[in-house]
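To keep things clear, I will list the structure first and then write my remarks on it.
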Amino acid sequence: MTSDDRSVGKVRGVDGLRGRFEGALRDLRGRRLTSVDYWDVHNFGSERAPWDYGDWHHAVIGVQLGTDLGAVTVTWTDTFYPYGVEVFHEPIGRHLILDDSGPARVGPDVEGQSRWAPLLGSRVHSTACHWEQFQIGPSRRANGIAAPAHSVDVPVALRLHFAAGSIWFVAAIPQLPDPQGVFIPGDEIMVVFSAEKMRDLGFEDPAFARTSPGPGGTEPTFEA
């Protein structure tokens with residue numbers, strides 16, 4: 001992440017940040033998906049970086065979605081608190097330091113039997129976000145309390161719905177080599193293709209972990 005990403009939460013009010021976040025997510029509606037790119041840290045080995053685990057993919061640093069109205073980045077930030085998922089209407093290169101040893105595109109293959117194949121060329125029908133509230137503190141020093149306890153709301157997962165189904169982006173760290181263990185929220189991105197997998201990750205709200213849109217094709221935001 002660049003320094004701009006790390007500092008944004010420190011220079012703007014939380015209410016304004018949430019409004020900007022929800023506006024960026026809402027503005028995905030109606031966009032036609034044209035391409036998908038996963039980005040991971042630089043791979044210095046000879047083997048390809050693994051990312052395909054069936055009904056979920058490990059994009060790690062983030063995803064760049066090509067659309068008919070320009071590039072969209074889905075990545076993790078500490079805008080609200082370490083770490084949440086966020087949408088930016090700009091290329092992912094604006095959020096990465098790209099040099100000879102920097103991050104690189106690692107996939108996916110989007111044709112044939114790809115999970116992405118049915119979605120390419122389709123428009124985003126609806127969007128939704130799952131927010132979780134975390135209780136922080138109080139923080140302490142040896143001579144007493146330094147700051148009182150407080151709570152923060154963090155967007156930990158996004159859902160995009162297409163005519164062919166839904167897809168989710170989660171700020172989460174799979175605890176490989178055991179892919180069933182996942183740390184949420186985290187500074188990596190998982191791309192999930194099934195409601196069953198979302199429920200396995202602990203997203204139990206049936207309105208969020210489903211494969212069809214809400215009435216009229218619109219979606220509320222969800223808070224834990």
When you measure from the side chain of [X] to the backbone N and O of [Y], does any donor-acceptor pair fall under 3.5 Å?
X: Ser166; Y: His161; result: no
X: Arg159; Y: Arg210; result: yes
X: Arg32; Y: Thr67; result: no
X: Trp168; Y: Phe208; result: yes
X: Gln175; Y: Ile173; result: yes
X: Thr75; Y: Ile61; result: yes
X: Thr34; Y: Gly66; result: yes
X: Trp56; Y: Val192; result: no

Pairwise side-chain contact, [X] with [Y], heavy-atom cut-off 4.5 Å (strictly under):
X: Ile184; Y: Met190; answer: no
X: Asp109; Y: Ser114; answer: no
X: Leu158; Y: Thr127; answer: no
X: Val72; Y: Val87; answer: yes
X: Leu96; Y: Pro103; answer: yes
X: Val156; Y: Val85; answer: no
X: Glu188; Y: Pro174; answer: yes
X: Asp187; Y: Pro82; answer: no

Does [X], at its [atom1] atom, have more than 12 non-hydrogen atoms belonging to other residues, nucleotides or ligands within less than 6.0 Å?
X: Gln135; atom1: CD; value: yes
X: Tyr53; atom1: OH; value: yes
X: Phe134; atom1: CZ; value: yes

Starting at [atom1] of [X], measure out to [atom2] of [Y] and round the result to the nearest 0.5 Å.
X: Thr77; Y: Glu86; atom1: OG1; atom2: CD; answer: 4.0 Å
X: Ser126; Y: Leu28; atom1: OG; atom2: CG; answer: 11.0 Å
X: Phe21; Y: Thr79; atom1: CZ; atom2: OG1; answer: 9.0 Å
X: Phe183; Y: Tyr83; atom1: CZ; atom2: OH; answer: 10.5 Å
X: Leu33; Y: Leu65; atom1: CG; atom2: CG; answer: 6.0 Å
X: Ile92; Y: Trp39; atom1: CD1; atom2: CH2; answer: 7.0 Å

Ring-ring centroid check Phe162 His125, cutoff 6.0 Å: no

If you compare all heavy atoms of [X] against all heavy atoms of [Y], which two are closest, and at what distance to 0.1 Å?
X: Ala157; Y: Met198; value: CB-CE, 4.4 Å
X: Asp153; Y: Phe80; value: O-CB, 3.6 Å
X: Asp52; Y: Gly54; value: OD1-N, 3.0 Å
X: Ala209; Y: Ala195; value: O-CB, 3.4 Å
X: Pro118; Y: Ala164; value: O-CB, 3.8 Å
X: Pro155; Y: Cys129; value: CB-SG, 3.6 Å

Relative to the ring of His57, is the ring of Trp51 parallel (under 30°), tilted (30 to 60°) or perpendicular (over 60°)? perpendicular

Take the angle between the ring planes of Phe88 and His95 and call it parallel below 30°, perpendicular above 60°, tilted in between. tilted

Between the side chains of Thr73 and Gln64, does any donor sit under 3.5 Å from an acceptor? no

Can a side-chain donor-acceptor contact be found between His89 and Arg31 if the only test is distance below 3.5 angstrom? yes

Among residues at least two apart in sequence or on other chains, which ones pass salt bridge (Lys or Arg N to Asp or Glu O under 4.0 Å) with Arg105? Asp37

Is there a path of hydrophobic side-chain contacts, each under 4.5 Å between heavy atoms of I, L, V, M, F, W or Y residues, that connects Val124 with Leu69? no

So, is the end of the Arg18 side chain (NZ or CZ) under 6.0 Å from the ring centre of Trp131 and within 45° of the ring's axis? yes

Checking side-chain contact (heavy atoms from CB on, under 4.5 Å) for the pair Val152/Ile136: CA distance, chi angles, key distance, verdict? CA-CA 8 Å; Val152 292; Ile136 311 300; 4.1 Å; yes

Could you please spell out the steps behind the salt bridge (Lys or Arg N to Asp or Glu O under 4.0 Å) verdict for Arg123 and Asp68? CA-CA 9 Å; Arg123 295 191 183 277; Asp68 56 344; 3.2 Å; yes

Do Arg115 and Val110 pass the side-chain contact (heavy atoms from CB on, under 4.5 Å) test, and can you show the C-alpha distance, the side-chain angles, and the key distance before you say yes or no? CA-CA 7 Å; Arg115 294 275 187 166; Val110 296; over 6 Å; no

How far apart are the C-alpha atoms of Val60 and Ile189, what are their side-chain angles, what is the distance that settles it, and do they pass the side-chain contact (heavy atoms from CB on, under 4.5 Å) test? CA-CA 5 Å; Val60 187; Ile189 294 292; over 6 Å; no

